[in-house]
Amino acid sequence: MEKQNSFRGANMEKQVRDILQRFDADVVKELISKQNQEGETALYVAAENGHAHVVSELLKHLDLQTASIAAKNGLDAFHIASKQGHIAIGLAIVYMANGSLYDWLYPMEVGYKRPTLNWPLRYVITVGIARGLAWLHHNCNYRVTHGNI
């Protein structure tokens with residue numbers, strides 16, 4: 001029991017990262033997409049319990065299809081996070097599962113075999129980010145840390 005409680009400490013994200021780094025990418029994706037008897041994935045459980053850092057770490061290893069696996073109750077990780085009031089986690093699941101903006105701007109550097117974004121699309125993304133940040137700073141009723149944008 002003591003080991004279980006120590007895992008729930010402030011360095012949980014690092015502990016999860018250290019565990020995931022022991023395996024190759026395919027094994028990690030398979031492990032994370034496994035479901036328990038209720039149909040819940042590791043991402044679902046982390047989202048349900050509000051563990052934003054664990055959700056963030058798990059999303060680095062998942063695609064949108066895997067992140068959208070629904071439990072037997074019909075809810076996926078995004079919907080359970082939203083239902084529990086973890087708005088930031090829900091948004092992270094939706095947007096991080098497709099990779100970061102850096103992944104799309106420089107796909108060859110991060111190992112993706114897809115074309116880079118063209119300049120008109122980059123402009124649209126930049127304007128969207130600016131609008132989103134303006135909304136966060138002026139209209140958002142929740143306290144959201146936008147971090148490293």
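Predicted model only: the values in this text are computed from it and were never measured. Note that these values count all heavy atoms, side chains included, but never hydrogens, waters or copies made by symmetry.
Under the side chain to side chain donor-acceptor pair (under 3.5 Å) criterion, N118 pairs with no residue at all, not counting sequence neighbours. With sequence neighbours excluded, the residues forming a side-chain contact (heavy atoms from CB on, under 4.5 Å) with D26 are D24, listed by chain and number. Partners of A71 according to the side-chain contact (heavy atoms from CB on, under 4.5 Å) rule, which considers only residues two or more places apart in sequence or in another chain, are E40, Y44, N73. Contacts of I125 classified as side-chain contact (heavy atoms from CB on, under 4.5 Å), with partners at least two apart in sequence or in another chain: L101, L117, L121, I129. Listed by chain and number, the residues in a side-chain contact (heavy atoms from CB on, under 4.5 Å) with E30 are K34 (sequence neighbours excluded).
Residue K29 holds its NZ atom at 12.0 Å from NE2 of H61, rounded to the nearest 0.5 Å. Expressed to the nearest 0.5 Å, how far NE2 of H51 lies from CG of L43 amounts to 12.5 Å. Distance CG/L20 to CD1/I32: 5.0 Å, rounded to 0.5 Å. Here L31 contributes atom CG and L58 contributes atom CG; the two are 11.0 Å apart, rounded to the nearest 0.5 Å.
In terms of heavy-atom proximity, D76 sits nearest to S68 at CB-O, 3.6 Å. For the pair N36 and E38, the tightest heavy-atom approach, listed with the atom from each and the gap, is OD1-N, 2.9 Å.
The backbone N or O of A70 sits less than 3.5 Å from a side-chain atom of Q35, completing a donor-acceptor pair.
Other members of the hydrophobic cluster containing Y123, listed by chain and number, are V127; membership follows side-chain contacts under 4.5 Å among ILVMFWY residues, whether direct or relayed.
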